[in-house]
*Asks:* 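Below is the structure I would like to discuss, written out as structure tokens.
To find a chain, count down the sequence lines: A is the first, B the second, and so on, and within it residues start at 1.
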Number of protein chains: 2
Amino acid sequence: MLIERSPLVDHGVARALADPTRRRILELLAGEQLCTCHLVEELGATQTNVSNHLRVLREAGLVVSEQAGRYAYHRLVPDRLERMSAGLAALASRSRLALAVRRPCG
Amino acid sequence: MLIERSPLVDHGVARALADPTRRRILELLAGEQLCTCHLVEELGATQTNVSNHLRVLREAGLVVSEQAGRYAYHRLVPDRLERMSAGLAALASRSRLALAVRRPCG
DNA sequence: ACGTCTCATCAGCGCGTGCTGATAGAACGC
DNA sequence: GCGTTCTATCAGCACGCGCTGATGAGACGT
């Protein structure tokens, strides 16, 4: 409902991180590059389900997929994660100073 | 559908950050402590809506609310944000090394 | 060429969630 | 006491989203 002006954290990334299965995928891909079938096996999820989650992660710029024969290898892109990490750190840092300020009410 | 074992990022926090309005609330609270009526005015949202979002943020441990007369002042708690920031940074750091590794398929 | 394997997309379903209006309660001013 | 203000909670609704089975496309082995 709200249009963001200069967001400290990207909406697509934040939304992608909101799902437990997608976070698990990111953790797995943080260890090594994996193809879809690996993820299906590791997660115990449906192939369709994994594929859908990968699409969300790809659209968020968190994952890049590369076709290798009939397999599709996926790798994690650190950039967006680091940007969001920095955004959250900035938010936390600011808030420490904000504890002293209280806008008067009424 | 998935039970997390030792999550790098907390589910409540990640879920709370997924909504644009809640992120805007966090940004506003990062600048100064505000009461509910301030947030209603700044966001142009309904009082009920803001109140619901604040409840989610409180349950995630991101915001603490304090009653001051008939007003309720809300402040951002940096702790969980910093923890998630660190978790994302760790994930990104790991992934840089993972780019070299590719699990064989089949 | 044919079957198999991997993977993505599609249509559909059910539940979670964001939003709302109405209600209730607590604090302040008169 | 009484009305007003600020806030949280409660039902209810509508949309989004995660999950599924089925289908289709591309690559490999025989």
*Asks:* I'd like to know if B/Arg22 and B/Glu27 make a salt bridge, using a cut-off of under 4.0 Å between side-chain N and carboxylate O.
*Replies:*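 No, this pair does not count.
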*Asks:* Examine the base of D/dT7 for any acceptor or donor lying under 3.5 Å from a partner atom in the side chain of B/Thr48, and report the outcome as yes or no.
*Replies:*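 No, the side chain and the base share no sub-3.5 Å donor-acceptor pair.
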*Asks:* Look at the side chain of B/Gln47 and the base of D/dA8, then say whether one donor and one acceptor between them are separated by less than 3.5 Å.
*Replies:*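 Looking at the base of D/dA8, it does pair with a donor or acceptor on the side chain of B/Gln47 (distance under 3.5 Å).
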*Asks:* So, does B/Tyr71 use its side chain to make a donor-acceptor pair with the main chain of A/Pro104 at under 3.5 Å?
*Replies:*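 Flag not set: sc B/Tyr71 to bb A/Pro104 has no pair under 3.5 Å.
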*Asks:* To the nearest Å, how far apart are A/Glu59 CD and D/dG18 C1'?
*Replies:*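 Spelled out: CD on A/Glu59 to C1' on D/dG18 is 15 Å.
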*Asks:* Can a donor-acceptor pair be found, under 3.5 Å and without considering hydrogens, that links the side chain of B/Gln33 to the backbone of B/Tyr73?
*Replies:*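 Between the backbone of B/Tyr73 and the side chain of B/Gln33 there is no qualifying donor-acceptor contact (under 3.5 Å).
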*Asks:* With nearest nucleotide decided by heavy atoms, which residue, B/Ala72 or A/Gln67, maps closer to the 5′ end of DNA chain D?
*Replies:*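 Comparing both residues, the 5'-ward one is B/Ala72.
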*Asks:* Does D/dG18 have OP1 or OP2 sitting under 4.0 Å from an N or O in the side chain of A/Arg15?
*Replies:*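 So the side-chain polar atoms of A/Arg15 do come within 4.0 Å of the phosphate oxygens OP1 or OP2 of D/dG18, strictly under.
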*Asks:* Report the distance from atom CG of A/Leu39 to atom C1' of C/dA8, rounded to the nearest whole Å.
*Replies:*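 Value for this atom pair: 14 Å.
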*Asks:* If you assign B/Cys105 and B/Gly69 each to the DNA chain C nucleotide with the nearest heavy atom, which residue ends up on the more 5' nucleotide?
*Replies:*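 By nearest-heavy-atom nucleotide position, the 5'-most residue is B/Cys105.
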*Asks:* Has A/Asn49 got a side-chain N or O lying under 4.0 Å from the OP1 or OP2 atom of D/dT20?
*Replies:*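 True: A/Asn49 side-chain N/O within range (under 4.0 Å) of D/dT20 OP1/OP2.
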*Asks:* Nearest whole Å is fine: how far is D/dC6 C1' from B/Tyr73 OH?
*Replies:*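 Atom OH in B/Tyr73 sits about 12 Å away from atom C1' in D/dC6.
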*Asks:* Using a 4.0 Å heavy-atom cut-off across all strands, classify A/Thr46 as base, sugar-phosphate, or nothing.
*Replies:*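 Sugar-phosphate: the residue A/Thr46, judged by heavy atoms under 4.0 Å, touches backbone atoms but no base.
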*Asks:* Expressed in angstrom and rounded to an integer, what is the separation of A/Leu34 atom CG from C/dC7 atom C1'?
*Replies:*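 For the pair A/Leu34 CG and C/dC7 C1', the rounded distance is 15 Å.
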*Asks:* Below the 4.0 Å mark, does C/dC19 have OP1 or OP2 next to a side-chain nitrogen or oxygen of B/His53?
*Replies:*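 So the side-chain polar atoms of B/His53 do come within 4.0 Å of the phosphate oxygens OP1 or OP2 of C/dC19, strictly under.
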*Asks:* Is the phosphate of C/dG29, meaning OP1 or OP2, less than 4.0 Å from a side-chain N or O of B/Arg70?
*Replies:*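 Checking B/Arg70 against C/dG29: no side-chain N or O falls below 4.0 Å of OP1 or OP2.
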*Asks:* Categorize B/His38 for me: base, sugar-phosphate, or nothing, with a 4.0 angstrom heavy-atom threshold over every strand shown.
*Replies:*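 B/His38: no heavy atom of the nucleic acid under 4.0 Å.
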*Asks:* Find the distance B/Tyr71:OH to C/dG29:P and express it as a whole number of Å.
*Replies:*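 It is 9 Å, rounded to the nearest whole Å.
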*Asks:* Round to a whole Å and report the spacing from CG of B/Asn52 to P of C/dA22.
*Replies:*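 Checked: the CG to P distance equals 16 Å.
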*Asks:* Step by step, work out the salt bridge (Lys or Arg N to Asp or Glu O under 4.0 Å) result for B/Arg102 and A/Glu66.
*Replies:* CA-CA 12 Å; B/Arg102 176 177 285 197; A/Glu66 179 188 352; 3.2 Å; yes
*Asks:* Nearest to the side chain of A/Cys37, heavy atoms from C-beta on, is which of D/dT7, C/dC7, D/dG18?
*Replies:*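 Nucleotide nearest to A/Cys37's side chain: C/dC7.
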*Asks:* B/Asp19 or A/Arg55: which one's nearest nucleotide on DNA chain C is closer to the 5' end?
*Replies:*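 Mapping each residue to its closest nucleotide by heavy atoms, the 5'-most match is A/Arg55.
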*Asks:* Is there a path of hydrophobic side-chain contacts, each under 4.5 Å between heavy atoms of I/L/V/M/F/W/Y residues, joining B/Val77 to A/Val9?
*Replies:*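 In one cluster with A/Val9: B/Val77, no.
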*Asks:* Determine the contact category for B/Thr36: base if any of its heavy atoms lies under 4.0 Å from a base atom, sugar-phosphate if only primed atoms, P, OP1 or OP2 are that close, otherwise nothing.
*Replies:*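 If one applies the 4.0 Å heavy-atom cut-off, B/Thr36 turns out to touch the sugar-phosphate alone, with no base involved.
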*Asks:* Starting at CD1 of A/Ile25 and ending at P of D/dG18, how long is that distance when rounded to a whole Å?
*Replies:*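 Value for this atom pair: 11 Å.
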*Asks:* Separation of A/His74 atom NE2 from C/dT6 atom P, in whole Å?
*Replies:*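 It works out to 13 Å between those atoms.
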*Asks:* Is it the case that B/His11 and A/Arg23 place a side-chain donor and acceptor less than 3.5 Å from each other?
*Replies:*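 A pair is found: one side chain offers a donor N or O, the other an acceptor, under 3.5 Å apart.
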